[in-house]
Amino acid sequence: MKIRIGDQSLRVRISLAEAEALHQGKEITTTLHFNAIDVFEVVLRTWNLSIAEVHYQANQLTASIPLEVSQ
């Protein structure tokens, strides 16, 4: 998974294998290491709502996308 954050947007590029896992209901996770101490985790998952949502909590950014988008 490749992540780009900027200008109030989150862009995620995933591989075909990651897209298939996402479609099967699995979460895709990547960890960004800024230095030896600071770690930031990004989680991409699907859900049953028709809108996307991004939630931040305790050094973790979770992006939930509609299930039909993963298809």
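Note: hydrogens, waters and symmetry copies are ignored here, and every other heavy atom, side chains too, is used.
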Legend entry - Candidate pair L22 and I65, rule side-chain contact (heavy atoms from CB on, under 4.5 Å), full reasoning: CA-CA 10 Å; L22 191 63; I65 63 170; 3.8 Å; yes
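- When all heavy atoms of G25 and T46 are compared, the closest pair comes out as CA-OG1, 4.4 Å.
- For the pair I51 and W47, the tightest heavy-atom approach, listed with the atom from each and the gap, is O-NE1, 3.0 Å.
- Taking the six-membered ring for Trp and thresholds of 30 and 60 degrees, F40 and F34 have ring planes inclined between 30 and 60 degrees apart.
- Checking side-chain atoms of E18 against main-chain N and O of M1 turns up a donor-acceptor pair under 3.5 Å.
- Note: the hydrophobic cluster containing L16 does not contain V12 (ILVMFWY, side chain heavy atoms under 4.5 Å, direct or indirect links).
- Following chains of ILVMFWY side-chain contacts shorter than 4.5 Å, one can reach L32 starting from I28, so the two form part of one hydrophobic cluster.
- The shortest distance between side-chain heavy atoms of Q60 and V43 falls below 4.5 Å.
- Separating the CD1 atom in I5 from the CZ atom in R11 is a distance of 12.5 Å, to the nearest 0.5 Å.
- In this structure, CG on L67 lies 11.0 Å from CG on L49, to the nearest 0.5 angstrom.
- The side-chain heavy atoms of V42 and T29, taken from C-beta on, include no pair separated by under 4.5 Å.
- Between the D7 side chain and the S9 main chain, no donor and acceptor come within less than 3.5 Å of each other.
- Looking at heavy atoms from C-beta onward, R45 lies in side-chain contact with T62 at the 4.5 angstrom threshold.
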Legend entry - Pair L61-V54, side-chain contact (heavy atoms from CB on, under 4.5 Å): steps then yes or no: CA-CA 7 Å; L61 185 73; V54 177; 3.3 Å; yes
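- Side-chain contact between L44 and I14 is present, with heavy atoms from C-beta onward closer than 4.5 Å.
- Crowding of E68 atom CD: a count of heavy atoms from other residues, nucleotides or ligands under 6.0 Å exceeding 12.
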